[in-house]
Amino acid sequence: MNSRASGSSGCASRAFDRLHPTVQRWVYRRGWRTLHEIQELAVEPILNGDDCIVAAPTAGGKTEAAFLPVCSAIASAPTPSVQALYISPLKALINDQYRRMEELAEDLGLPVFPWHGDVAGSQKQRFLAKPGGILMITPESLESLFVNRGTRMKGLFSGLSYVLVDELHAFIGMERGKQLQCLMHRLELVIRRRVSRIGLSATLGDMGLAAEFLRPGGDREAVRLIVSTSAVSDIVAQLRGYRVSEPEGQPPAALTSRPGQACSSQGGSLAPVVEHLFEVLRGTHNLVFANSRSRVEAYADALRHLSDATRVPNEFVPHHGSLSKEIREDAEVRLQDTSRPCTAVCTSTLELGIDVGDIECVAQIGPPPSVAAVRQRLGRSGRRGGRPAQLRMYVQEPEITPETHPQDMIRAQLVQSVAMLRLLGRGWCELPRPNQLHLSTLVQQVLSMIAQFGGVRAGDAYGALCRSGPFAAVSPTIFADLLRCLGEKDMITQSVDEALLLGSAGERIVNHYSFYSAFLTPEEFRIECKGVMLGSLPVDTCLEPGGYLIFAGRRWVVDEVDDKHKVVYVQPAEGGVIPHFGGTGGVVADQVREEMRLVYEVEHEYPYLDEGARDLLDEGRREYREIGLAGRGVLPWGASVLLFPWVGDRALNTLTMLLAGRSLCACRAGVGIEVQRCNVAKAARHLHALAEAGLQDPLEVARRVKNKRTEKYHWCLSDELLTADYASSSVDAAGAARAVENLMASL
DNA sequence: GGTGATCGTGCGTAGA
């Protein structure tokens, strides 16, 4: 934290005066001359006990903005129970905040307890023996307290005054976010009163939605929005375009090589981008976001190879979620070490949480997954000294041949990147989808409530979780159906006095520690070399003894595969294949596709494009016109018809399902839909019929989808409930209707 | 004969 540059004498201000004298002294001792704007603004509403959202750029002093008034309030009225509960999505963040809070809390005589999976049992016992002050915890550990200390919850939290949620945006719209809302609500139910909630966030697309998330069903206006008005530093962006012989979307598994040979990625499609990264990033500290773990491995390997070939020390390290904790921490330490340059090639692991030090430049390879992600990633650069944030984007498009599909000819990846930069410039970013049922998480919460109380009446569970709780979108009928399903799977039983109890399957699940998380993690192999754990790979990866592997930025040969213990033993080698990590595609928003159409149709120059990118954009626009897309969305293509309605992925998928439901051979093709064995007249007839039929029932659409089991407790649900859950999360009937309208208008 | 394809997060207790 820097000292504030200000000429004012001391910190005197109305807000400062309201802080506890010990907190004031702590602020003086840090050498701060003034409070940050956000800290000034937060004091009053937090001391009033209002629900608040504190939004400010990274390193903008948000944590102090919340903790200075919170500590002031609770230090004046000590109780023998937790007074402030801090909830974080990351263990690393808890460790970080604990270190930052320790001294202030000690001055105030407030105990602070970190509590997560890596915290020693003895420390947890100390808290349970003498609870008080501030508890810093993950949602999963809080869930474990409800399950294992159900009867003690009231005593532990009876004096609770504040709940703080860090990185609020990381929860909104996720299963974990629904779980968090339940935990906050169940805490209030157990102590029988409202507790002030404070959400901390850097990136929020819509403050109203964030307010609704923080206090679901409450009055949005009652949530105080405390937003920093300090200018976000300027962005210096460059978008470079490349033509490659293989499409960028090529499965990375194709990047293979034999021992002694460079990976084909070296001479192939990665080469120009790798050479440019090598040239401009060496000598400084940077982050390169490569979108997938396979690509992180491919680029880290190629950059290491180029360093070796030019006989310079390698400055490039990989960082992603499948690498071991040790390898990731090594990369983090190297990144923070100012004495020697380092560039991390990473996935979204380095997007939030961990302090990455002073970053010169953020590079993005391929179109970013969302505008929100670019915003978050950019926040990692130009943090100090008011320098503008530096963004370098790289897009690779395939050479056009007679076989090239129109979806590649219009250079959609490049145009999507431009569209996203335009939206970023306007301050827009994606919103989570509201009103999702989240039935998998509801299953978890029902089981957790039974464990908490040793049994619960169905009506009480419905009241707590749905009627007055965060599952307001769940009707009594759906809830009753869900309980019936749980009964059939022996997850729950009903006692003679009608209380719900855990069944034998339910007992087994609730009593295992894996119960506490709301999300699912696939089974994995551990990758080990000479007793050192390198990381993990999904079990469906084909690994055979003698096979080569690129992992953790190095090359290996497989020694032995231990199927029983799920371990793969490897040794250093010269050859390698980029492994496949699995995963399903992301969701592009409606606004991004609409913006793409504008980029095609409005001849605007973008000064941040390099020659290659300008060339590709010109070519994309020319092809867009030549294949007849200007003002038109239905095109003949050989024996097929292509549809380009310029809507987001949910709407596009819904329309594809509706067309398939009319016995058409429809499938997604890039940013559009391909209908095989079809002509324009036939497509027009079907579109007309869909327009006539009006808005489709999302349940009818979802019913036809086969693989709907995607979340943790989906296996407990009936087809009908799965269908309802899928419809609420993935079907966009209104969007599909809009898509049909767009296409009809262009006919 | 075949095919596409994001990431990330988390974890008790009792007993030896």
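- Checking B:dG8, B:dG12, B:dT9 against every side-chain atom of A:K124, the shortest atom distance belongs to B:dG12.
- Where A:N291 and A:R176 each meet DNA chain B at their nearest nucleotide, the meeting point lying more 5' is that of A:N291.
- Within the nucleic acid shown, A:F519 comes within 4.0 Å of at least one base atom, counting heavy atoms only.
- Electrostatic pairing of A:K325 and A:D118 counts as a salt bridge here, judged by a charged N lying under 4.0 Å from a carboxylate O.
- Within 4.0 Å of A:G121, counting heavy atoms only, lies no atom of the nucleic acid at all.
- A:K154 NZ: 12 or fewer foreign heavy atoms inside a 6.0 Å radius.
- For the residue pair A:S536/A:R526, the side-chain donor-acceptor check at 3.5 Å is not satisfied.
- Residue A:G586 is classed as a base contact, given a heavy-atom separation below 4.0 Å to a base.
- Under 4.0 angstrom from either OP1 or OP2 of B:dA5 there lies no side-chain N or O belonging to A:R668.
- Note on A:S144: every side-chain N or O is 4.0 Å or more away from OP1 and OP2 of B:dC11.
- Between A:V147 and A:Q452 the shortest side-chain heavy-atom distance does not fall below 4.5 Å.
- Ranking B:dG10, B:dG12, B:dG8 by closeness to the A:Y516 side chain, first place goes to B:dG12.
- Residue contacts shown for A:H320 are limited to sugar-phosphate atoms, with no base heavy atom under 4.0 Å away.
- A heavy atom closer than 4.0 Å to some atom of DNA chain B occurs in A:P89, A:L90, A:K91, these being the qualifying members of residues 87-98 of chain A.
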